[in-house]
Amino acid sequence: MVYHDKSIGHMILGEAAINLAFEEQEITLVSLIRQLGEMAENERSDERVAQIADARNWLKGFIKASTRDRAELNWLVETGQAPVYLKDYR
């Protein structure tokens with residue numbers, strides 16, 4: 001992700017993490033992406049929606065990289081399947 005303004009991007013990610021913490025949910029890559037999606041759905045400002053989308057896309061890059069390197073998921077590559085909990089976030 002190329003943050004146009006890194007401090008804005010960091011604040012958006014922090015806001016998503018705080019929302020999850022207040023809801024007593026686990027803070028993971030997937031939950032952050034999901035939370036950012038919910039934030040975007042409820043946002044009225046087009047500029048902020050674009051910033052949230054940038055943050056989601058940046059986080060999605062980590063899912064792709066971590067999925068390739070996780071040994072326990074190698075069987076998925078052989079079968080051509082994607083992990084259920086990740087396929088909706090690509």
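This chain uses plain numbering: 1 for the first residue, then up along the sequence. Atoms considered below: every heavy atom in the structure, side chains included; atoms not considered: hydrogens, waters and symmetry mates.
Under the 4.5 Å side-chain heavy-atom criterion for ILVMFWY residues, no single connected hydrophobic cluster contains both V49 and M39.
Separating the CZ atom in R34 from the CG atom in L59 is a distance of 13.0 Å, to the nearest 0.5 Å. Taking CD1 from I33 and CG from L13, the interatomic distance works out to 10.0 Å, rounded to the nearest 0.5 Å.
Looking at residues two or more places apart in sequence or on another chain, you find a side-chain contact (heavy atoms from CB on, under 4.5 Å) between E26 and T28. Partners of A50 under the side-chain contact (heavy atoms from CB on, under 4.5 Å) rule, at least two apart in sequence or in another chain, do not exist in this structure.
Around the CG atom of D46, the shell of radius 6.0 Å holds no more than 12 heavy atoms that belong to other residues, nucleotides or ligands.
Counting heavy atoms from C-beta outward, L36 and I12 have side chains that approach closer than 4.5 Å. Counting only heavy atoms from C-beta outward, the side chains of I8 and R48 never approach each other to under 4.5 Å.
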Compile the donor-acceptor pairs under 3.5 Å between side chains in residues 18-25 and protein atoms, sequence neighbours left out, one pair per line.
unit_1: N19; atom_1: ND2; unit_2: E15; atom_2: O; d: 3.3
unit_1: E23; atom_1: OE1; unit_2: Q25; atom_2: NE2; d: 2.8

